[in-house]
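Naming: A, B, ... by sequence-line order, numbering from 1 per chain. Because only heavy atoms are used, hydrogens play no part in the values below, and waters and symmetry mates are left out as well, while side chains stay in.
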There are 2 protein chains.
Amino acid sequence: MSSDQTKTAILTAAEMLWAERSFGEVTMRDIVAAAGVNLAAVNYHFGSKDELLADLFVSRTTVLNRERFAELKAAEIEGNGRPSVEAILRALVSPPLRWCLSPDQQRSAAARFMTRASVETVPPIKKIVDREFRHLQRFATALRLALPHRDEVDIYWGLHFALAMIRQTVTDSERLKKLSGGLCDLNDVDDIIRRIVSTAHDALVGGTGTVTPLPARASGSRKS
Amino acid sequence: MSSDQTKTAILTAAEMLWAERSFGEVTMRDIVAAAGVNLAAVNYHFGSKDELLADLFVSRTTVLNRERFAELKAAEIEGNGRPSVEAILRALVSPPLRWCLSPDQQRSAAARFMTRASVETVPPIKKIVDREFRHLQRFATALRLALPHRDEVDIYWGLHFALAMIRQTVTDSERLKKLSGGLCDLNDVDDIIRRIVSTAHDALVGGTGTVTPLPARASGSRKS
DNA sequence: GTCTATATTCGGATAGAC
DNA sequence: GTCTATCCGAATATAGAC
């Protein structure tokens with residue numbers, strides 16, 4: 001097995017395990033067993049368990065942020081430099097939700113891993129939040145430009161709530177499914193994105209509901 | 001030191017530590033050092049680290065749920081058995097937020113501890129979610145009765161989003177404060193509760209904004 | 001570069017004195 | 001009931017053979 005293959009196998013295995021359990025609960029032995037490599041390989045390739053986590057987190061957030069940013073750019077171009085609030089929110093919300101609900105297990109695990117890791121209090125993560133910070137500020141700026149008459153405070157709260165709904169949906173969809181007795185369809189990505197975007201939009205513009213409102217008696221599922 | 005004092009000291013110390021760091025990161029040695037008791041005391045009084053966590057979690061959620069339930073009851077009485085959606089949401093949202101932002105450090109820690117613990121994958125917690133489950137179903141039922149013409153699916157999604165905003169605000173208020181450059185005032189409890197209730201309300205009724213909408217240019221802080 | 005075997009640290013639990 | 005001292009297992013990290 002080549003060096004790259006080994007590294008990838010470790011990253012992939014770690015991601016899958018950390019998507020379901022917390023940092024401390026997943027041991028390096030769990031990881032190497034799942035990756036089919038030797039215990040020493042982790043320290044050889046990454047230095048330590050902490051650094052493996054940091055590397056993986058940076059790797060995944062970089063890709064996710066690029067995707068979000070590309071959608072934001074596209075919205076700006078389409079809106080001739082004045083993207084709608086809805087388009088900005090979509091750029092923020094869609095990528096993590098599409099990842100999370102992707103049929104590709106790896107992509108799905110990546111989304112859950114990131115939200116889990118972002119609340120981890122382990123040292124290496126703390127250093128990375130700055131990167132995430134600047135990323136979110138871009139969205140805050142875009143929203144301020146789209147809502148020039150709105151109080152900045154409301155903008156930040158709206159962003160905060162949007163992130164809250166993303167996180168809860170990515171990490172705790174199981175509870176919603178059980179609570180609703182299976183009524184809420186967690187497979188209909190478009191419906192979920194629409195709900196989050198719509199709610200965040202209402203929070204931002206003050207509940208006037210100018211964005212496509214939810215149908216009064218929409219069925220929980222449209223696809224599948 | 002009496003038996004009760006020792007138990008309380010352990011619970012209090014554990015709660016403060018688990019409010020900031022995850023289960024695995026806080027060791028029993030950390031806890032007994034903070035509590036000023038001996039290492040063996042934890043096993044003597046609680047049996048194990050896992051059971052300490054479970055006991056603490058049950059203890060705190062019991063009190064919180066009672067508070068939520070009392071507010072719900074009060075809303076039902078005031079509304080002659082037909083509480084408004086806003087009143088129901090307030091009963092759900094207010095208690096954890098008031099705890100979290102209380103000047104009492106212990107109350108504040110309790111709120112953060114609960115939200116942290118509820119996503120912990122450690123065995124003993126899993127057994128307790130059923131209790132939380134029934135508790136949430138009461139609120140779902142109340143909302144269904146208050147919105148008889150609304151699709152049940154929408155109700156559950158609204159509840160889901162309300163819980164998401166509560167959690168994010170309790171655990172990640174620091175990021176919002178930094179992101180907003182200190183603009184968002186995390187000390188004005190009433191303002192925060194109103195924002196969450198209002199947004200959740202919009203999600204539930206479809207963004208018609210019948211609940212006291214946020215003032216267009218509200219200052220971030222009203223108190224302090 | 002990879003792997004086996006091992007060193008070392010650390011944390012949860014317990015035995016037994018007081 | 002409380003505390004000291006200790007055991008034991010587990011987990012990270014590393015040394016050194018291949």
- Task: Report the distance from atom OH of Tyr44(A) to atom C1' of dG16(D), rounded to the nearest whole Å.
- Result: 14 Å

- Message: Whole angstroms only, please: what is the CZ-C1' distance between Phe23(A) and dA11(D)?
- Response: 12 Å

- Query: Quick one: does Pro96(B)'s side chain get under 4.5 Å of Leu64(B)'s, heavy atoms only?
  - Reply: yes

- Item | Nearest-angstrom distance from the residue atom NZ of Lys49(A) to P of dC10(C) | 15 Å

- Task: Rounded off to whole Å, could you give me the CG-to-C1' distance for the Leu17(A) and dA11(D) pair?
- Result: 15 Å

- Query: For the pair made of CG in Asp50(A) and C1' in dA13(D), what is the distance, rounded to whole Å?
  - Reply: 12 Å

- Is a side-chain donor-acceptor pair under 3.5 Å present for Thr199(B) with Asp202(B)? no

- Message: Let's see if you can work this out: which of dA11(D), dT2(D), dT14(C) has an atom nearest to the side-chain heavy atoms of Thr6(B)?
- Response: dT2(D)

- From the options dT6(D), dT2(C), dC3(D), select the nucleotide whose nearest atom is closest to the side chain of Arg29(B). dT6(D)

- Query: With side chains defined as the heavy atoms from C-beta onward, is the minimum distance between Val119(A) and Val119(B) less than 4.5 Å?
  - Reply: no

- Residue Asn38(A), side-chain atoms from C-beta onward, closest of dG1(D), dC3(C), dG12(C): dC3(C)

- Item | Non-hydrogen side-chain atoms of Thr169(A) and Trp157(B) separated by less than 4.5 Å | yes

- Message: Is Asn43(A) close enough to dA13(D) that one of its side-chain N or O atoms is under 4.0 Å from OP1 or OP2 there?
- Response: yes

- Message: Does Ala40(A) reach a base, just sugar-phosphate, or nothing at all? Heavy atoms under 4.0 Å.
- Response: base

- Decide whether Glu25(A) and Thr121(B) meet the rule of one side-chain donor and one side-chain acceptor closer than 3.5 Å. yes

- Gln5(A) atom CD is separated from dC3(C) atom P, nearest whole Å, by 12 Å

- Item | Rounded distance in Å - CZ (Arg21(B)) to C1' (dG11(C)) | 14 Å

- Message: Quick check on dT2(D): is either OP1 or OP2 less than 4.0 Å from any side-chain nitrogen or oxygen of His45(B)?
- Response: yes

- Query: Which of these nucleotides, dG11(C), dA13(C), dC3(D), is closest to any side-chain atom of Leu39(B)?
  - Reply: dA13(C)

- Given atom CD1 of Ile10(A) and atom P of dT2(C), what is their separation to the nearest angstrom? 9 Å

